[in-house]
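Throughout, residue positions are numbered sequentially from 1 according to the sequence presented.
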Amino acid sequence: MTRAALLVLADGRFPAGGHAHSGGAEPAVRAGRIRDARDLETFCRGRLHTSGLTAAALAAAAAAGHDPAALDEAADARTPSPALRATARKLGRQLLRAARASWPSPELDALARAFPRGAHQPVVLGLAARAAGLGPEDAAHCVAYETVSGPATAAVRLLSLDPFQATAVLARLAPDMDDVAARAARAADHGVDALPAASAPLLDITAEQHAAWPVRLFAS
């Protein structure tokens, strides 16, 4: 295992397309639910322990070697919003391109053939982690981090939030990220049907609304 590969995979500069997405922060800002660093921390913590936990468990299961097709079906079942399903597949397609260039792997090639329009991003991330020599908890940590770093980065642009404050939010959420990653990795030991299905209905609703906006800064 090379732990440095985790840094590459989790790096915001890794060309996986995440910079164009706010993780639900843009509609939350417009609705007045995120106005400052304190609101951002509350939003990120809620996202982390709901949809973040679900995504982290899917990634951990993929890294553990569970069937990607079954995991993709499980991801679909756990993503009620058509807009979020489309986003997850778009991000998965972009991530798969970057992962295949970085860590060539027969499993990644097979996934690309099976899902030409893109598999769900957490499933791709888990297989990418596996190809990079990382384990299930590493994959879960990567998902946990991007679950909160995406909205934090977006808030800097949307609110002109002080980047130091945004980074401090991520630092305060570190214990929560560790907890979610550990829980996700444990869940992956028990098969696809036992994976968490935690959800955030408001994120689903606002994702549908956001997708219909004629003008927006972020794709989701």
Next on the checklist: Could you measure the distance from the CZ atom of Arg172 to the CZ atom of Arg45? Nearest 0.5 Å is fine.
Outcome noted: 8.5 Å

Checklist entry - Between Arg85 and Asp72, does at least one N-O distance fall below 4.0 Å, as a salt bridge requires? => result no

Checklist outcome for this item: Here the gap from Gln165 atom CD to Leu159 atom CG, rounded to the nearest 0.5 Å, amounts to 10.5 Å

Next on the checklist: To check you understand the geometry: which heavy-atom pair defines the closest contact between Gly23 and Leu203, and what is its length?
Outcome noted: O-CD2, 4.4 Å

Checklist entry - Side chains of Phe115 and Val124: closer than 4.5 Å at any heavy-atom pair? => result no

Checklist entry - Any salt bridge between Arg216 and Glu26, counting N to O under 4.0 Å? => result no

Checklist entry - Of all heavy-atom pairs between Ala88 and His120, which one has the smallest distance, and what is that distance? => result CB-ND1, 3.4 Å

Checklist outcome for this item: Heavy-atom nearest pair, Ala184 first then Ala140, reads CB-CB, 3.9 Å

Checklist entry - Side chains of Glu146 and Gln121: is there a donor and an acceptor less than 3.5 Å apart? => result yes

Item to check | Thr54 side chain vs Ala198 backbone, donor-acceptor pair below 3.5 Å | outcome: yes

Next on the checklist: Any side-chain to backbone donor/acceptor pair from His210 onto Thr206? Under 3.5 Å, distance only.
Outcome noted: no

Checklist entry - Is Arg100 salt-bridged to Asp109, going by a charged N under 4.0 Å from an acidic O? => result yes

Checklist entry - Is it true that Asp36 and Arg38 have a side-chain N and a carboxylate O under 4.0 angstrom from each other? => result no

Item to check | Salt-bridge criterion met for Asp138 and Arg130 (N-O under 4.0 Å) | outcome: no

Next on the checklist: Tell me if the CZ atom of Phe43 is crowded by more than 12 foreign heavy atoms within 6.0 Å.
Outcome noted: yes

Checklist entry - Of all heavy-atom pairs between Thr79 and Ala75, which one has the smallest distance, and what is that distance? => result OG1-O, 2.7 Å

